[in-house]
Amino acid sequence: MTDKMTGFIKIERKNYSKRPIEDRIKDFNEIYLPLAEGEMMAQANRCMDCGTSFCNWGCPLGNLIPEWNDLLYMGDWKGAYEKLALTANFPEFTGRVCPALCEAACVLGINREAVSVREIEQSIVERAFSEGWVQPRIPKVRTEKKIAVVGSGPAGLTLADDLNALGHRVTVFEREKKLGGLMRYGIPNYKLDKKIIDRRIDMLKMAGIVFVTNKWVGKEMELEEIKKKYDAVVLSCGTWVPRDLKIPGRELKGIYYAVDYLGQQTKSLEGTMIASEISAKDQTVLVIGGGDTGSDCVGTANRQGAKKVYQFEILPKPSKERDESMP
Ligand SMILES: Cc1cc2nc3c(=O)[nH]c(=O)nc-3n(C[C@H](O)[C@H](O)[C@H](O)COP(=O)(O)OP(=O)(O)OC[C@H]3O[C@@H](n4cnc5c(N)ncnc54)[C@H](O)[C@@H]3O)c2cc1C
Ligand code: SF4
């Protein structure tokens, strides 16, 4: 094994590989193929354990990245998981779909490729699940305070997990049939398999959290009613108001919002909708917007069998590597 002092010089960044395009376009299964454990440990060895670890500042969760990289380099997967779990409630979600601000902040990225923090995170948590190290956070003592959380997206689930671990009795209300918010009905399955969400929800249920689905607060149940029954109510409803484009022709048929389109596709896959109402099959598709949501629509349209897909973006094409404007 390369010694820790020189790992960042001798080892190149190696990413997960992707399933071949001709295969992955035929289904909605996850596209990434993880590296072998030894390769992941080598990638962790690229971390310089910086005195001022900008990755840690860049991470919105304040993940202890150099610490778990070091433990992984030494082969201590369990220790690495325990360190990761100190700050990240659901590393299996962030390890798949987080935009990895840590990597954009990584010091090694100044003149080499940044440490592959997100993939390392995913590897650690998947190993932890397979070894049974991920356990429900059951509190030793209950406060008997009752808390209602409205909305089961990542915000609501994190709140529920933490408040339950502190000993409160938590009930989550969700208007949809299934839990997970935009992780379930926005992000396509090929980026985040919904089994990954279900696995975590099972764990949260075992920890004592109660989930009430198909319950639209404010419509099927009054907020006042909840306020009377609970000591505290947290609203974590997300933002489901799409941004419209007020231009001539907007009223024409065949123009849809991304989340309606993506959500229908996921519902069709999970069997809660007979067929996707909006389908790109044999259609020529234009996606307006070149961000992540736009890319998700491109990927979905390709998988549905679109004849051709165009994508318009107002900004210039971003560079593949850091340029002088991104020091
Ligand atoms: C297409 C798409 C792709 C994305 N890709 C990524 C990505 O790759 N990486 C990334 O980091 N982020 C991504 N995001 C953003 C990410 O999904 C959101 O930032 C995140 O889901 C917000 O979490 P949240 O819990 O605040 O809200 P949401 O996920 O929106 O969850 C809110 C929940 O509250 C429920 N709810 C709302 N009102 C009520 C009510 N009155 N009663 C009961 N329930 C209610 C909703 O049904 C929903 O389940 C993407 C978003 C979209 C749309
Ligand atoms: S900034 Fe990069 S090299 Fe430095 S500690 Fe963080 S991940 Fe390691």
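Just follow the structure's listing: the first ligand is 1, and inside any ligand the first atom is 1.
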Quick one: look up the protein heavy atom nearest [atom] and list residue, atom name and how far away it is.
atom: atom 8 (Fe) of ligand 2; result: Cys47 SG, 2.4 Å
atom: atom 3 (S) of ligand 2; result: Met48 N, 3.4 Å
atom: atom 6 (Fe) of ligand 2; result: Cys55 SG, 2.3 Å

[X]: numbered ligand 2 atoms lying under 4.0 Å from its heavy atoms:
X: Pro66; answer: 5 (S)
X: Val107; answer: 1 (S), 2 (Fe)
X: Cys50; answer: 1 (S), 3 (S), 4 (Fe), 5 (S)

* With a cut-off of 2.8 Å, does any N, O or S atom of Cys106 fall short of it relative to atom 2 (Fe) of ligand 2? ->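 For Cys106, the answer is yes, given that an N, O or S atom comes within less than 2.8 Å of atom 2 (Fe) of ligand 2.
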* Applying salt bridge (charged side-chain N to carboxylate O under 4.0 Å, His left out), run through Arg169 and Glu144 and close with a yes or a no. => CA-CA 6 Å; Arg169 300 260 177 215; Glu144 298 310 333; 3.1 Å; yes
* To do: Please determine which of Glu103, Glu119, Glu113 meets the side-chain hydrogen bond (donor to acceptor under 3.5 Å, both in side chains) test together with Arg13.
  =>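 The option that passes is Glu103.
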* Compute whether any side-chain donor of one residue and acceptor of the other, for Thr284 and Tyr310, lie under 3.5 angstrom apart. =>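 No, Tyr310 and Thr284 have no side-chain donor paired with an acceptor closer than 3.5 Å.
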* Do Lys205 and Phe211 touch side chain to side chain, with heavy atoms closer than 4.5 Å? ->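 Touching, per the 4.5 Å side-chain cut-off.
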* Under the salt bridge (charged side-chain N to carboxylate O under 4.0 Å, His left out) rule, what do Arg19 and Asp27 come out as? Steps first, then yes or no, please. => CA-CA 11 Å; Arg19 294 167 55 215; Asp27 60 46; 2.6 Å; yes
Tell me whether [X] forms a cation-pi arrangement with [Y], defined as NZ or CZ under 6.0 Å from the six-membered ring centre and within 45 degrees of its axis.
X: Lys267; Y: Tyr185; answer: yes
X: Arg175; Y: Trp240; answer: yes
X: Arg24; Y: Tyr190; answer: no
X: Arg184; Y: Phe93; answer: no

* Measuring from each atom of ligand 1, which residues have a heavy atom under 4.0 Å away? ->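 These residues qualify: Val97, Pro99, Val150, Gly151, Ser152, Gly153, Pro154, Ala155, Phe173, Glu174, Arg175, Glu176, Gly181, Leu182, Gly186, Ile187, Lys191, Lys215, Trp216, Val217, Ser236, Cys237, Gly238, Trp240, Val259, Leu262, Thr293, Asp296.
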